[in-house]
Amino acid sequence: MSDAATEQVRLDVWLWRARFFKTRALSSAHVTKRGVRLTRFGTTRRVNKPSAGVQVGDIVAFGKGAHIVSAEVMALGERRGPAAEAQTLYLEIGESGDA
């Protein structure tokens, strides 16, 4: 098995496992159409490919409704589990919005 520091999972899969989206198809469509900001080792880039890799320690930021969600990836997860399990996959950094 590969080293834990280099393990990755697809961005759309991680967003779905972390329960930011109800289905993987919605997650994939959001990444493709609206894009996601991915920060790794202090470098931020815009990603619009659902197949982009996410690692533990990355920061993912994206718009959801009138809010911007920013979360640090704490774990990659093995499956889409219950909400309590999904909340262990990330640490919410901040959420901002107009409302």
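One-based numbering along the sequence shown.
A 4.5 Å side-chain heavy-atom check between P50 and R10 finds at least one atom pair inside the cut-off. You'll find the side chain of R40 reaches within 4.5 Å of the side chain of Q55, heavy atoms only. Between L15 and V60, some side-chain heavy-atom pair lies under the 4.5 Å cut-off. Side-chain atoms of I93 and I59, non-hydrogen and from C-beta on, do get closer than 4.5 Å to each other. Residues L89 and L76 have side chains not in contact (no heavy-atom distance under 4.5 Å, counting atoms from C-beta outward).
The side chain to side chain donor-acceptor pair (under 3.5 Å) test applied to T32 returns no partner, not counting sequence neighbours. R24 pairs by the salt bridge (charged side-chain N to carboxylate O under 4.0 Å, His left out) definition with D12, not counting sequence neighbours. Evaluation of the side chain to side chain donor-acceptor pair (under 3.5 Å) rule for R79 yields E85 as partners, not counting sequence neighbours.
The CZ atom of R37 sits 15.0 Å away from atom CG of D58, with the distance rounded to the nearest 0.5 Å. One finds the OG1 atom of T39 at 9.5 Å from the CZ atom of R45 (value rounded to the nearest 0.5 Å). The distance from atom NZ of K33 to atom OG of S28, rounded to the nearest 0.5 Å, is 9.5 Å.
In terms of hydrophobic clustering, with Ile, Leu, Val, Met, Phe, Trp and Tyr side chains grouped at heavy-atom distances under 4.5 Å, W16 and M74 are assigned to different clusters.
Taking each heavy atom of A52 and V47 in turn, the nearest pair found is CB-CG1, 3.4 Å. A pairwise comparison of heavy atoms in Q8 and G53 identifies OE1-CA, 2.9 Å as the closest pair.
The aromatic rings of F62 and H30 lie perpendicular to each other, with more than 60° between the two planes, well past the 30° mark. Aromatic ring orientation, W14 versus Y90: perpendicular (interplanar angle above 60°, classes split at 30° and 60°).
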